[in-house]
Amino acid sequence: MDSIPYTERRNAITMNIDTDTPEGIVDLIHECNMEVFNGYENHKGLSDDTILNKLDQFVSLVRTNLQTENSIIVLSGCGTSGRIGFLAATFFNELCLQQNLPPKYRYIIAGGNSALVTSIEACEDDPVIGTKELQCITDTYEHVLFVGITCGLSAPFVGGQLEYCLNNPQKFTPVLIGFNPISMARRTHVSKWINDTTFYDIALRMETTAGALVINPIIGPEPISGSSRMKGGSATKVILDTVFYLASCNNIMKASEVIEMYRTAVGTMEIEGQDIATVVEQAGECLLNNASIRYVGSSTFGIWGMIDASECVPTYNSSYNDIRGFMANDYFRKNLNPEPPLSFVSPALHEATPDDLSKTFENLPPSSIVVFIDKDYHLQKSLVEKLQEKGHHIVWIKILSTESFDLNSNVKIIDLSKCIPSTDVTMQYSLAEIILKLCLNTISTGAHVMKGKVFQNIMIDVRVSNVKLFYRAIDIIKSLAGVDYQTAERCLIQSIYQTNDTINDKTIDQHIMAVANNHDHVVPIALLMSLSNCSYTEAKLKMDKCPIIRDICTGTNQSST
Ligand code: S6P
């Protein structure tokens with residue numbers, strides 16, 4: 001157990017989340033979220049003095065950069081880590097402009113803009129592309145503060161960039177953010193990293209190089225093992241917002257005081273637990289009945305909706321159509337990096353442009369849920385009424401909106417405004433965002449738990465779309481079926497290629513590419529093969545009869561076939 005990185009471990013709090021009530025699910029996720037601030041086992045999370053001191057150092061680095069000519073701050077990461085970096089860059093550039101300062105924040109996300117709202121997980125294994133993109137974006141600048149974000153201390157894309165910074169110290173100051181001790185950084189080799197370098201080698205160099213900064217509080221395992229979009233993403237956001245806020249505002253506050261504001265705000269979410277649970281229950285039923293969940297919001301609130309929705313696809317192998325987010329203004333597209341016209345553009349990015357939403361939602365399956373985020377509930381009044389006439393459920397997440405509660409009783413309100421203290425506008429907005437993120441994460445995670453996509457606290461239908469997820473899938477099969485590594489790997493590979501034959505002549509990279517063409521339940525089928533010692537074809541047949549993936553682990557599916 002000790003060698004398993006914290007970010008991949010199972011959290012004892014949520015061991016039975018799969019059999020809990022909606023209220024229980026919400027409480028357990030909340031309890032896990034509080035570990036980010038209060039600590040886990042003998043670690044103190046974001047309240048650790050060493051970490052707080054490092055955050056103050058980080059503030060000085062940012063402040064210096066903001067005052068230096070010909071310099072920029074680059075935030076880079078893969079998946080959720082890249083998305084959080086994008087949102088922070090966008091938000092704090094706006095603050096720079098408001099203060100008549102040049103917007104200095106830049107973002108890089110593995111896979112480009114499409115990856116902001118689509119899972120393009122394979123790019124995270126490529127240190128070469130990571131380095132090229134960093135070179136490209138920093139080419140004309142003299143000083144660069146580089147912030148590499150990888151919750152698991154694992155992404156080679158970010159590792160390659162950090163290595164490049166360490167090799168060019170006259171220009172780059174590297175900062176690494178993640179949530180494992182250096183000793184648990186990933187030691188797996190990837191094909192594209194020369195000299196067999198691993199992330200661990202780079203993390204070690206970061207730790208021992210003067211001027212480089214590693215910020216790696218231990219915040220405890222995720223509520224759903226490995227789902228770093230949850231606590232990892234939240235902790236990343238709190239760290240970035242705290243540091244950039246303090247640096248931009250020339251505030252004399254210390255990082256500890258700002259972190260305390262986040263802790264109090266997130267802690268207060270408990271009082272809305274019952275209302276969130278009601279929505280989780282509705283959302284779970286919605287997914288079980290093949291209805292849809294939609295989020296509607298503007299500006300960054302809308303982007304948080306799009307991001308939360310898109311992350312369900314790799315985590316739960318859910319359909320793109322199950323949960324989708326829509327923007328009600330064109331804020332998202334306006335803030336994207338320019339990209340060549342021929343670069344792959346995700347269909348989800350179309351939802352970043354406001355369209356006629358009533359047309360878009362015309363054919364929603366009966367009893368779908370539409371969640372309006374903050375002021376968009378009032379701005380979209382006629383859409384709300386139309387949707388209600390059709391019998392869809394309406395949810396209003398109120399956060400900063402000052403509109404009253406003059407509502408008809410059919411609208412479910414989650415009133416998160418109670419969690420926002422009176423402080424300055426920038427901080428209020430940042431607090432509102434983290435609270436919204438946690439609320440949306442809870443709804444989408446809870447809904448998938450209720451749909452049976454989680455066994456105990458394991459994501460049993462994860463899409464095996466990169467090296468990290470390939471090994472995670474093998475671990476899942478090994479531990480749930482009680483088989484050895486070789487059996488788990490063989491079943492996984494057969495399930496990926498949809499064959500009963502043994503495949504020995506392909507690399508991990510090829511397996512991952514093959515997953516892109518296989519949207520079946522790759523891991524559950526492999527698990528079933530291991531559990532019942534049967535062929536791919538037999539397992540697939542059983543699987544097709546089993547609407548609830550979780551049942552295959554409890555044996556319900558096997559006995560019924
Ligand atoms: C996790 C999410 C993934 C990760 C990505 C980067 O819930 O689905 O997209 O963010 O794999 O992970 P890391 O450890 O480098 O931040």
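Since the model is a prediction, treat every value here as computed from it, not as a measurement.
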Value rounded to 0.5 Å, distance of SG in Cys136 from CD1 in Ile129: 12.5 Å
Spacing of Ser234 atom OG and Lys231 atom NZ [to the nearest 0.5 Å]: 9.5 Å
Ring geometry between Phe470 and His511 (parallel below 30°, tilted from 30 to 60°, perpendicular above 60°): parallel
Aromatic ring pairing Tyr316/His448, orientation class (parallel under 30°, perpendicular over 60°, tilted between): parallel
Side chains of [X] and [Y] only: does a donor on one sit below 3.5 Å from an acceptor on the other?
X: Thr90; Y: Asn335; value: no
X: Thr197; Y: Asn195; value: no
X: Glu311; Y: Thr80; value: yes
X: Asn441; Y: Asp308; value: yes
X: Arg205; Y: Asn167; value: yes
X: Asn65; Y: Thr68; value: no
X: Asn113; Y: Tyr107; value: yes
X: Glu94; Y: Tyr331; value: yes

Least distance between heavy atoms, Asp415 atom then Glu272 atom: N-OE1, 2.9 Å
Criterion side chain to side chain contact (heavy atoms under 4.5 Å, CB included) on Val258 and Leu55, from CA distance to verdict: CA-CA 11 Å; Val258 180; Leu55 292 185; over 6 Å; no
Are any side-chain N or O atoms of [X] and backbone N or O atoms of [Y], one a donor and one an acceptor, separated by less than 3.5 Å?
X: Glu142; Y: Lys171; answer: no
X: Arg187; Y: Ser183; answer: yes
X: Thr236; Y: Ser81; answer: no

Ring-ring centroid check Phe86 Phe332, cutoff 6.0 Å: yes
Tyr429 ring center near Phe91 ring center (under 6.0 Å): yes
Pairwise ring pair (Phe, Tyr, Trp, His ring centres under 6.0 Å) hits with a residue in residues 111-166, at least two apart: Tyr164-Phe172
Lys/Arg-Asp/Glu bridge criterion (N-O < 4.0 Å) met for Lys468, Asp125: no
salt_bridge(Glu260, Arg263) N-O dist < 4.0 Å: yes
